[in-house]
Amino acid sequence: QVTAVIRDIPANSHFRFDFFLSMQNLAESKQQNWVSHNFNTYLVLRKDANPRQLEAKFPEVIRKYVGPVVKQLMNINSIDEFEKTGNFLRYSLLPLTDIHLRSDRVGELSPNGNIQYVYIFSVIAAFILLIACINFMNLATARSAGRAKEVGVRKVLGSPRSRLVGQFLTESVLLSGIAFALAAGCAYGLLPYFNQLAVKEMTIPFLTNPWLIPALLFSALLVGLLAGSYPAFFLSAFRPIRVLKGHVGRGAGSGRLRSGLVVFQFTTSIVLIVGTVVVYNQLDYIRNKKLGFNKEQVLIVNDAYALGNGVESFKNEALRLPGIVGATVTGYLPIPSWRSDNPFFPEGVIQSERAVSMQSWRVDHAYVKTLGMELVQGRDFSRQFPTDSSAVILNEAAAKVFGYREPVGKRVSTFRDINTREIQTFTIIGVVKDFHFESLRQNIGALCLTLGRYGGSVAFRLKAEDAAPVLAAVEAQWKKRVSGQPFSYGFLDEEFDAMYRTEQRIGKIAVSFAVLAIVIACLGLFGLAAFTAEQRTREIGIRKVLGASVGNLVGMLSKDFLRLV
């Protein structure tokens, strides 16, 4: 029964939902198990509350409520003994506004951003702006010969240097203001394309943030003063008599400064290029990395819970299709998902110092074969061995953590029910080669496979041919068994690639920034070339009269700043 309608949550929120259901009748929500953390918990504090003071009380809460459970589970005397073995359990607070950019916790409600990217691109933007300022300085000083007589006449007529400096700074600020207006218009017009590139829904909050426009205007003023400072002081320093006689020297100091600015420009541009190459090398590594399983040609049918007891017949019927070579029913696939670790103990000895935190995946007999995993020791699950219901297959990381060189035949135990402390013991029958079941940013953790039903999805391995007819046939089988339930599917390689869409978008943005920086830096070269040509006009004329070709002159003028590059 619908009892209310909630206003849509804004797009810039991690908290998305279609509907709320009450937890009042959910048995899991009433369990008094303080070592199970299956729910996100939000606390609303009083306005006068200090979050740090509240957080300081959490250790006492852990001792009071978690301690007795841990002592009972681990056969220890105190929580201190638990922590001495290297284990810990901590609670901490995180401000709601920090979740998107500053949280790296497991089980977030939606994919988060990363504050590091904000910092990185802010620094890149600052460098690009600095490159543009350097260009303005070079272009302004390149025009110095054309304005030298103007400066000389003004000084002869009594204009003080401070007024000349003010004039040139005013011109610079005016140009910066015009550029600001054009940039604001471009940003507004290009924002939809940037949102499409970054897959964001950002807006320019001119109205909601009243401080933004004054801040941008102040930035335009600051950039104008910064870019115009050197040309203003350089041009205002000309001596009237020398200028009016036509002697405008370049000056060794100013020449070294301009050369240094060009070197800085291209150093920054090359850093951006190298960074972009690194990003693309990482993406290429992700695409070609051997994952320990075969993610190609694997169709995943989601929400298999809807099939109920008919999931096996659905799988077997689909296996008769000519385009399918394997199938497995499982809710555990080697892609990031919200899963929990459980403590396992070697040889059934429940001791905290010997506990191994390990993921336990319930799979069927065809799981390893269907996903193309490799066994390095022992054997796979088999229907010929009824005892495999109490068997387990470890990955190499788990065998290493347990300290087993020959793990096959050894036993490990875990709690079947934490509340009753009922123990379940498994015999190791095989070791599967390590495979990546989380992001490649993470080390491969300890994991075990056990036989069991957890039919969240059905994975089909397809032949290397057109998947469309096979997909249509599987969908027909689904609709024949489940009426009114949508057919939801995906491909394992696409699910895996989805983990790195953020990096792929970052790569595209980095390329855009690098290209922009290179173009602007080349404008700086143009400024230096123009300055050099303007200062050497007579020399160029004499060389032409003496028979120098255009190629000779270009080479002569280019070699100096090409050396800088």
Side-chain angles (χ1 to χ4, degrees), residues 18 291-340 359-375 380-385 388-389 391-393 395 430 432-433 435-438 447-499:
D18 296 309
L291 303 171
F293 65 95
N294 186 359
K295 62 182 172 65
E296 306 299 331
Q297 299 296 119
V298 177
L299 169 68
I300 303 171
V301 177
N302 302 313
D303 301 326
Y305 303 109
L307 294 165
N309 294 327
V311 65
E312 284 294 330
S313 64
F314 169 74
K315 181 191 78 171
N316 293 331
E317 191 70 25
L319 275 171
R320 295 192 182 99
L321 297 173
I324 295 179
V325 296
T328 179
V329 179
T330 181
Y332 296 94
L333 291 167
I335 50 178
S337 179
W338 189 1
R339 309 182 182 108
S340 60
Q359 290 197 17
S360 175
W361 292 10
R362 282 173 278 171
V363 302
D364 63 10
H365 295 84
Y367 183 86
V368 172
K369 182 180 178 181
T370 301
L371 293 181
M373 296 172 180
E374 179 185 347
L375 284 168
D380 195 1
F381 295 118
S382 173
R383 298 185 188 277
Q384 298 178 1
F385 295 91
D388 279 0
S389 59
V392 66
I393 297 176
N395 69 347
V432 68
K433 187 177 181 63
F435 60 92
H436 288 273
F437 54 90
E438 294 181 306
L447 177 143
C448 69
L449 306 177
T450 62
L451 276 178
R453 181 170 178 179
Y454 190 72
S457 59
V458 184
F460 298 101
R461 177 159 295 283
L462 311 182
K463 291 182 179 178
E465 55 189 34
D466 187 12
V470 180
L471 184 60
V474 173
E475 184 176 5
Q477 293 287 342
W478 173 276
K479 290 181 177 178
K480 187 168 66 174
R481 286 171 171 77
V482 187
S483 59
Q485 182 77 12
F487 179 69
S488 174
Y489 70 94
F491 287 91
L492 187 59
D493 55 347
E494 294 176 355
E495 297 283 345
F496 184 83
D497 291 341
M499 290 188 287

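In this chain, residues are counted from 1 in sequence order.
- Under the 3.5 Å distance criterion, the side-chain polar atoms of Thr328 are left unmatched by any main-chain donor or acceptor of Ala366.
- By the 30° and 60° cut-offs, the orientation of the rings of Phe314 relative to Phe460 is perpendicular.
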Mind running side chain to side chain contact (heavy atoms under 4.5 Å, CB included) on Thr450 and Val363 for me, showing each step along the way?
-> CA-CA 6 Å; Thr450 62; Val363 302; over 6 Å; no

When you look at Val392 and Phe381, which way does the side chain to side chain contact (heavy atoms under 4.5 Å, CB included) test go after all the steps?
-> CA-CA 9 Å; Val392 66; Phe381 295 118; 5.8 Å; no

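- Taken to the nearest 0.5 Å, the CG atom of Asp388 stands 11.0 Å off from the CZ atom of Arg383.
- You'll find the ring centres of Trp361 and Phe437 inside the 6.0 Å limit.
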Applying side chain to side chain contact (heavy atoms under 4.5 Å, CB included), run through Leu451 and His365 and close with a yes or a no.
-> CA-CA 7 Å; Leu451 276 178; His365 295 84; 3.6 Å; yes

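- Considering all non-hydrogen atoms of both residues, Ala304 and Val458 come closest at CB-CG2, 3.9 Å.
- The nearest pair of heavy atoms linking Asn302 to Gly490 is ND2-N, 4.3 Å.
- In this structure a side-chain-to-backbone donor-acceptor pair under 3.5 Å is present from Trp478 to Gln485.
- Under the 4.5 Å side-chain criterion, counting only non-hydrogen atoms from C-beta, Asp493 is not in contact with Val298.
- Rounded to the nearest 0.5 Å, atoms CD1 (Ile324) and CG (Leu319) are 6.5 Å apart.
- Atoms CG and CG, on Asn395 and Leu449 in that order, are 8.0 Å from each other to the nearest 0.5 Å.
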In sequence, state the C-alpha distance, the side-chain angles, and the governing distance for Leu333 and Ser457, and then conclude on side chain to side chain contact (heavy atoms under 4.5 Å, CB included).
-> CA-CA 9 Å; Leu333 291 167; Ser457 59; 3.7 Å; yes

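- Listed here is the closest heavy atom pair of Leu371 and Phe293: O-CB, 3.3 Å.
- The number of heavy atoms from other shown groups lying within 6.0 Å of CG (Asn316) is above 12.
- Side chains of Pro334 and Leu291 form no contact here, defined as non-hydrogen atoms less than 4.5 Å apart.
- Taking each heavy atom of Asp364 and Lys315 in turn, the nearest pair found is OD2-NZ, 3.9 Å.
- Using a 4.5 Å heavy-atom threshold, the side chains of Glu317 and Arg481 count as touching.
- Taking every heavy atom of both residues into account, Leu462 and Ala467 meet most closely at CD1-CB, 3.8 Å.
- Counting only residues at least two apart or in different chains, salt bridge (Lys or Arg N to Asp or Glu O under 4.0 Å) contacts with residues 296-306 are absent.
- Distance check: Glu475 CD to Lys480 NZ gives 13.5 Å after rounding to the nearest 0.5 Å.
- Other residues, nucleotides and ligands place no more than 12 heavy atoms under 6.0 Å from the OH atom of Tyr489.
- Considering CG of Asn294 and CD of Glu374, their distance stands at 12.5 Å, rounded to 0.5 Å.
- Atom NZ of Lys433 sits about 11.5 Å away from atom CG of Leu375, to the nearest 0.5 Å.
- Judged purely by atom type and a 3.5 angstrom limit, Thr370 has no side-chain atom pairing as donor or acceptor with the backbone of Tyr367.
- Under a 3.5 Å cut-off, the side chain of Lys463 and the backbone N or O of Pro322 do form a donor-acceptor pair.
- Side-chain contact between Lys295 and Glu494 is absent, with no heavy atoms from C-beta onward closer than 4.5 Å.
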